[in-house]
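The chain is numbered in sequence order, starting from 1. Start at 1 and go down the list; that is how both ligands and their atoms are numbered. What you see below is based on every heavy atom in this structure, not just the backbone, and it leaves out hydrogens, waters and symmetry mates. Model, not experiment: these values are computed from the prediction.
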Amino acid sequence: MTAPVRTQDSPETRGSEELIRAEEPVLAHNYHPLPVVVSRAEGTWVEDVEGRRYLDMLAGYSALNFGHRHPALIEAAHRQLDRLTLTSRAFHNDRLAEFAERLAALTGMDMVLPMNTGAEAVESGVKVARKWAYDVKGVPADRATIVVAADNFHGRTTTIVSFSTDETARQGFGPFTPGFRIVPYNDLAALEAAVDETTAAVLIEPIQGEAGVIIPDDGYLAGVRELTRRKGCLFVADEIQSGLGRTGSTLAVEHESVVPDVVLLGKALGGGIVPVSAVVGRREVLGVLHPGEHGSTFGGNPLAAAVGTAVVELLETGDFQRRATELGAILRDGLTGLVGKGVVGFRSRGLWAGVDIDPALGTGREISERLMREGILAKDTHGSTIRLAPPLTITAEELEGALGSLEKVLR
Ligand SMILES: *Cc1c(COP(=O)(O)O)cnc(C)c1O
């Protein structure tokens, strides 16, 4: 038997079903993907190994805010690949200064701590907040607490699942890291009661993404800001999914004109090319770190910095934020028209929506599978909720097409 011919253009010769079957015995089952095998993508469209095309209405959970293979990002990556990819932080590299300067300017913060994945940014935020509590606030050693919200999603490390309320994410992974207090989201009175002299920080998502795009009441984020300032603790906003244009502004906290002490970024910061995350914050907070106290081999590598800088450059124009606002109005109108026609309710801000489907019509998974057969890729979050988060490069026609497909699937 001769081996199948592999070319650089088509390194795999097996079809979708065969590839899905091949994964089964060798790939850990920590995901249950939709049965589509993507082999290439451009802009808002992906193509499977059989050449079927799909509109991407998930955009890598917002890691693809600028679409697949945005030309400016691909060019920045190619240019950097040909010059320098990794130095480690043992040495300086010539791309990191500009990345940090421009990211700090974009977010209105003083300092940047570059990391790789979102979970690392959260871990780093937790460490920095604790160190600030001991070094600046004067909390007794090992007594610092961090107040978080129920139904949060901040990532998958052992410390992060320690303050998750999702039993599936926790079961079997203890013992857990102490020092966290969980209060209901969108409840200022509960937050007030939980914050005390040991509190280093309040850590929340300005909009809870994985929970189903849960948008707090007007005034909640401003209330968190006022409360944390008055009580003398930090406000850490996890904008890993909500940030970088998704909601119509660079950061979701801008909708309430709120400036946190620390903002966590990830996902779209890597332009859909490499994992890039960052903790950005005030000098008083990030300034607590000294050499050797925290680090990452890959954090701030020149390839990540080049791509991250190109991402910041796209956001500096304001075009993507504007698109998210304008197209978000189309998304909202379309979904409003589907309420009572299979949609029981929805929440949206910018190009981001959590759509609750009538459970009688199927689970979120079943609706996602039906959408897939209509050429739309989306993903359920919990139960019968579908999350829609297309690339911010989507056109009005494409968005209307997706809404039409949703209407068809619900009929
Ligand atoms: C995705 C996400 C994370 C974790 O990011 P990873 O890159 O998957 O580790 C953390 N916080 C929020 C709000 C997220 O959406």
Side-chain angles (χ1 to χ4, degrees), residues 28 30-31 33 58-65 107 113-129 146 148-166 168-170 173 177 180 182 185-186 201-216 221 224 235-247 250-253 260 262-281 296 298-301 304 307-308 311 347 349-354 378-382 385 387-389:
N30 58 327
Y31 279 94
L58 178 65
Y61 303 95
S62 286
L64 290 155
N65 276 4
T107 54
L113 169 62
M115 300 297 287
N116 310 284
T117 66
E120 280 178 302
V122 175
E123 286 276 351
S124 304
V126 165
K127 286 177 74 176
V128 164
I146 291 178
V148 300
D151 302 319
N152 68 71
F153 182 84
H154 297 289
R156 301 296 201 162
T157 66
T158 39
T159 285
I160 293 171
V161 300
S162 296
F163 55 89
S164 169
T165 56
D166 176 355
T168 309
R170 289 167 52 88
F173 298 121
T177 307
F180 297 95
I182 303 172
Y185 190 60
N186 195 23
V202 172
L203 164 62
I204 55 161
E205 299 156 84
I207 293 176
Q208 289 189 323
E210 300 302 307
V213 190
I214 305 299
I215 302 172
L221 298 174
V224 173
F235 179 5
V236 180
D238 181 347
E239 293 253 15
I240 289 166
Q241 194 166 159
S242 59
L244 307 179
R246 174 58 53 194
T247 66
T250 301
L251 300 177
V253 287
V262 172
V263 175
L264 310 176
L265 297 172
K267 293 198 165 103
L269 194 57
I273 300 175
V274 281
V276 184
S277 69
V279 180
V280 296
S296 160
F298 290 96
N301 73 74
V307 171
V311 164
R347 302 153 297 282
R349 181 156 289 167
L351 270 174
W352 201 19
K379 194 79 169 70
D380 50 305
T381 51
H382 291 281
T385 300
R387 170 183 15 199
L388 299 178

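Here the side chain of Arg347 pairs no donor or acceptor atom with the backbone of Ile215 at under 3.5 angstrom.
With sequence neighbours excluded, the residues that form a salt bridge (charged side-chain N to carboxylate O under 4.0 Å, His left out) with Glu210 are Arg387. Partners of Asp380 according to the side-chain hydrogen bond (donor to acceptor under 3.5 Å, both in side chains) rule, which considers only residues two or more places apart in sequence or in another chain, do not exist here. Applying the salt bridge (charged side-chain N to carboxylate O under 4.0 Å, His left out) rule to Arg170 yields the partners Glu167; only residues at least two apart in sequence or on another chain are considered.
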Write none if no such pair exists; otherwise list each N/O atom of ligand 1 with its protein N/O partner under 3.5 Å and the distance.
unit_1: ligand 1; atom_1: 7 (O); unit_2: Gly118; atom_2: N; d: 2.8
unit_1: ligand 1; atom_1: 9 (O); unit_2: Gly118; atom_2: N; d: 3.4
unit_1: ligand 1; atom_1: 9 (O); unit_2: Ala119; atom_2: N; d: 2.8
unit_1: ligand 1; atom_1: 11 (N); unit_2: Phe153; atom_2: O; d: 3.4
unit_1: ligand 1; atom_1: 11 (N); unit_2: Asp238; atom_2: OD1; d: 3.4
unit_1: ligand 1; atom_1: 11 (N); unit_2: Asp238; atom_2: OD2; d: 2.7
unit_1: ligand 1; atom_1: 15 (O); unit_2: Gln241; atom_2: NE2; d: 2.7
unit_1: ligand 1; atom_1: 15 (O); unit_2: Lys267; atom_2: NZ; d: 2.6

Evaluate side-chain contact (heavy atoms from CB on, under 4.5 Å) for Phe163 paired with His154, printing each intermediate quantity in order. CA-CA 9 Å; Phe163 55 89; His154 297 289; 3.5 Å; yes

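Counting heavy atoms of neighbouring residues, nucleotides and ligands inside a 6.0 Å radius, atom CZ of Phe298 does not exceed 12 of them.
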